[in-house]
Amino acid sequence: MLLLRPGPTRGRGRGRPAGAPRCGLSPPWSPAWICCWALAGCQAAWAGDLPSSAGRPLPPCLEEDYHFEYTECDSSGSRWRVAIPNSAVDCSGLPDPVRGKECTFSCASGEYLEMKNQVCSKCGEGTYSLGSGIKFDEWDELPAGFSNVATFMDTVVGPSDSRPDGCNNSSWVPRGNYIESNRDDCTVSLIYAVHLKKSGYVFFEYQYVDNNIFFEFFVMLKSGTNILYWRTTGILMGSKAVKPVLVKNITIEGVAYTSECFPCKPGTFSDEPGSFICQVCPRNTYSEKGAKECIRCDVDSQFSEEGSSKCKERPPCTTKDYFQIHTPCDEEGKTQIMYKWIEPKICREDLTDAIRLPPSGEKKDCPPCNPGFYNNGSSSCHPCPPGTFSDGTKECRPCPAGTEPALGFEYKWWNVLPGNMKTSCFNVGNSKCDGMNGWEVAGDHIQSGAGGSDNDYLILNLHIPGFKPPTSMTGAMGSELGRITFVFETLCSADCILYFMVDINRKSTNVVESWGGTKEKQAYTHVIFKNATFTFTWAFQRTNQGQDNRRFINDMVKIYSITAANAVDGVASSCRACALGSEQLGSSCVPCPPGHYIEKETNQCKECPPDTYLSIHQVYGKEACILCGPGSRSTQDHSVCYSDCFFYYEKENQSLHYDFSNLSSVGSLMNGPSFTSKGTKYFHFFNISLCGHEGKKLALCTNNITDFTVKEMVAGSDDYTNLVGAFVCQSTIIPSESKGFRAALSSQSIILADVFLGVTVETTLQNINIKEDMFPVSPSQIPDVHFFYKSSTTTTSCVKGRSTAVKMRCNPAKPGAGTISVPSKCPAGTCDGCTFYFLWESAEACPLCTEHDFHEIEGACKRGFQETLYVWNEPKWCIKGISLPEKKLSTCETVDFWLKVGAGVGAFAAVLLVALTCYFWKKNQKLEYKYSKLVMTTNSKECELPAADSCAIMEGEDNEEEVVYSNKQSLLGKLKSLATKDKEDHFESVQLKSSRSPNI
């Protein structure tokens, strides 16, 4: 309910006597004086004081020839009642203007202002009045004063003349008892202008079940006139049709007065004077407009629904007009199958081709009690006492020592509706199914009932006061406190839909999941993360199109079982092992500390090994501790595994160390834009919480549709479905300029990943595979690092849940947070809607620098010193890590010193060579002389030996006493050999020492 307050009225009204206006009381130049004279002139013309155009007198005015109206209020708050002739009436003698009621005057409910005497009178029978309000409850057509405005999107690509008809045909559609919003993605406003004279309010009933519609109601307040807007915008991101918003019974309070009573609409009546509301005609009666009573139909051949304006002929009965139920178990443990006509019965059995109701009373064995219940020999099932358990077929027994009951609810036999469940039927457009059962039990399942019409909502509620884990699992549950699982199937021939909704602390109901059309038998699980009062709702609608006749009565949903684990005040179907106190074996169960499992041999608590996390489903035995994935570690309480942002990899005898700490804050990607068929621009917005923070999920995505539309109604709500926290999440963003919103619209927020699987350089982990052609090839030899995640929640399209892979790539050209991108083949980040891929390029994704990433450069030796510099290898594929060593300065020998040494050695060698050359040259000359002399002597005396003295030692030669044989040439000998002319013949010189023999 929204209050409407007009602007303040300036000044105070002054009283005036009845009769004609006394214009002399005001200055002749005042606006009031001018208006008075204009009014007097008009009345003179009406009374015949001025000459008529025909030149003949007009007949006197009768009461039916005119009506009374009030003038506009002046600045002092005063007004006048004047007589206005009806259209096409010419008469004379209209009543004089009289002073009217104050501007803020209004009559009470059930009354109207009788303008002749200006007194409030009661409305007559067949009519009603709100006093100072107006009401719109008939929507066969758009009431007077209402208008539709459809906004054509400026974001549609292409010239306007080439666009399809766009939003020209979009509007709010009257549906009899209510008005329905548009179903497309156009923006359509239902507008009504009202002039208020005092503080008032607007009241209306609406049905808003689909978050794919953006629904706004707001008032543009200004002095006097107020503009009321009901505006809807469809958000169509896929092929799924949206559910329209339904509005009815719009009531506006605060108008100045009601000068007439409103006739009751068809199907209603008012049998007492002074009514402020019309009553609805009961079934099998009808009424026309302004009825004082309802008229009965011929019950044998006709029928009518509540609030009908006419009677209809009863059709012949068919199989769609009855249904089957099971009676409660009797003392013999039997249930009867009964067939009943759908109430109210509108068909006839006495017509040709009509079928009759099948015989009832067939007895069958009753199904057993549900787990945790037992009948104890009676015909009804009762819950087991605390501390006991039963499977439903045996008596309740206490849990053995060392165990505790596993509390919850497991409903799989449906002979009667459980005590914490209820069923109802709802339709905003009519009241046909009010009071009906929306669901019926059927032995091994519970199914949707008949309802009153095909577009009824058939509702089943389950109330759970809270969720609490067992004593032994207190430290193992982490953030999960419980879960609810149900098995169902739908059988539909039309556009049926099943909603699963959750209400927390009775503040707001939100749709968690929905299934349209026929669905095979399947299970769905919803995880509970907070301890609060929950109401789970299943709502089934056969079609969202209004139908006058029943066409889809055989369309139904069947729920086979509903299981709520860890429910407060639940019953036990089994017992589970628990940890015992250390004092004695038979002591009561004690909670294990977080991260501890129950050792099978001793039933004592024992901490899980490092880098393992404790299963949330069972804590008995060491196998309850599950090993974390590659590159991950567990939290201190072993509740989850996470990455601490450090990763190590051995490659070709080289160890690569990565530090992603600077990327641990949430990374974001705004992907798009994309456009719907009607031109709505939208973006996909992703948040990624990569690592660190002890496994906390810092990526937040929110839905702000409800915040904008029914903000006052959900203020203070603890609903967590509007804000999701995860490792990776996605929202659909519609910018404010796209549809003229006050702010950007965020909707369809979903969790893509809330469980960390591991980090590795491999491209596959737990059936999540990153194909090679999904992203461009890296230009470096540094391997990409892959983070893998999954979602614990399954959906209708992703039966195994969603999963996410983030490829971290070293790119020195992108410092800081770098950039995040999606595959070019999958512009939405996913190709199948279930697995999402991201490429995160940043210099922070490079490995830490090591001594293999730089090399040294030696400088020249200057003045006995030499510098050694260290530089990074190019291109540089590392970051942080070790720093470059400082330049090194070392002593060295200069080049001048060695040049001097070399020159000295060279000079010495040259002198030595010259001396040796001269020496051997002189020796050679002596040998040549001796040889030539010997030859000459030989030639002169043939066959004679040379004289002995020719071989004698010459003067100056050495006198050797011995013959010395030399088998190896000395250094001087080698030099001497080189000095000889005959270089090919080598011989060794032998020095002879002998004396002349006496015989020669």
Side-chain angles (χ1 to χ4, degrees), residues 610-611 628-633 641-665 667 688 690-693 756-765 769-788 805-821 837-862 865-892:
D611 296 333
C628 291
S632 60
R633 57 185 302 177
C641 295
Y642 72 101
S643 169
D644 59 359
C645 297
F646 293 93
F647 178 70
Y648 307 95
Y649 173 65
E650 296 289 337
K651 177 191 175 184
E652 298 177 357
N653 298 326
Q654 180 181 357
S655 179
L656 298 179
H657 293 190
Y658 295 83
D659 181 6
F660 300 103
S661 299
N662 290 343
L663 301 178
S664 62
S665 58
I688 302 176
L690 187 69
C691 59
H693 308 286
F756 178 70
L757 298 179
V759 53
T760 176
V761 296
E762 303 297 331
T763 57
T764 301
L765 182 64
N769 180 37
I770 305 177
K771 297 181 180 178
E772 295 182 358
D773 59 348
M774 189 163 290
F775 294 104
V777 178
S778 175
S780 73
Q781 299 298 322
I782 302 298
D784 296 331
V785 181
H786 307 111
F787 285 75
F788 292 92
V806 182
K807 178 186 282 286
M808 306 300 298
R809 175 168 292 177
C810 172
N811 191 336
K814 297 181 179 181
T819 59
I820 303 176
S821 59
Y837 303 94
F838 301 94
L839 173 63
W840 195 335
E841 297 181 272
S842 170
E844 298 292 336
C846 296
L848 301 180
C849 295
T850 66
E851 62 274 5
H852 299 284
D853 295 306
F854 62 85
H855 61 277
E856 64 179 26
I857 299 178
E858 294 183 350
C861 185
K862 296 182 178 180
F865 295 96
Q866 184 181 39
E867 288 186 347
T868 302
L869 301 178
Y870 300 90
V871 295
W872 296 111
N873 299 332
E874 292 295 338
K876 182 184 177 184
W877 298 104
C878 66
I879 192 173
K880 295 183 292 188
I882 66 173
S883 302
L884 280 177
E886 297 290 338
K887 64 179 181 180
K888 184 173 63 175
L889 189 65
S890 58
T891 59
C892 63

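- The SG atoms of C846 and C878 do not sit under 2.5 Å apart.
- At least one donor-acceptor pair under 3.5 Å links the side chain of W840 to the backbone N or O of A817.
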Could you walk me through whether Y648 and L848 pass the side chain to side chain contact (heavy atoms under 4.5 Å, CB included) check? CA-CA 10 Å; Y648 307 95; L848 301 180; over 6 Å; no
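- Under a 3.5 Å cut-off, the side chain of D644 and the backbone N or O of R633 do not form any donor-acceptor pair.
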Are C645 and C691 close enough, and set up right, to give a disulfide bond (SG atoms under 2.5 Å apart), and what steps lead you there? CA-CA 5 Å; C645 297; C691 59; 2.1 Å; yes
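- Aromatic ring orientation, F660 versus F787: perpendicular (interplanar angle above 60°, classes split at 30° and 60°).
- Between the side chains of E650 and S655, at least one donor-acceptor pair of N or O atoms lies under 3.5 Å.
- With a 6.0 Å radius and a threshold of 12 heavy atoms from other residues, nucleotides or ligands, K876 has its NZ atom above the threshold.
- Taking 4.5 Å as the limit, some side-chain heavy atom of M808 sits within range of a side-chain heavy atom of L663.
- Contact of the E772 side chain with the T763 side chain is not registered, since no non-hydrogen atoms from C-beta on lie closer than 4.5 Å.
- Of the possible donor and acceptor atoms, none in the side chain of H786 sits under 3.5 Å from a partner among the backbone N and O of V759.
- Relative orientation of the Y870 and F854 rings is perpendicular, given thresholds of 30° and 60° on the angle between their planes.
- A salt bridge links K880 and E844; the closest N-O separation between the charged side-chain nitrogens and carboxylate oxygens is under 4.0 Å.
- Remark: the backbone N or O of G816 is paired with a side-chain donor or acceptor of S842 at under 3.5 angstrom.
- Side chains of Y658 and P783 form a contact here, defined as non-hydrogen atoms less than 4.5 Å apart.
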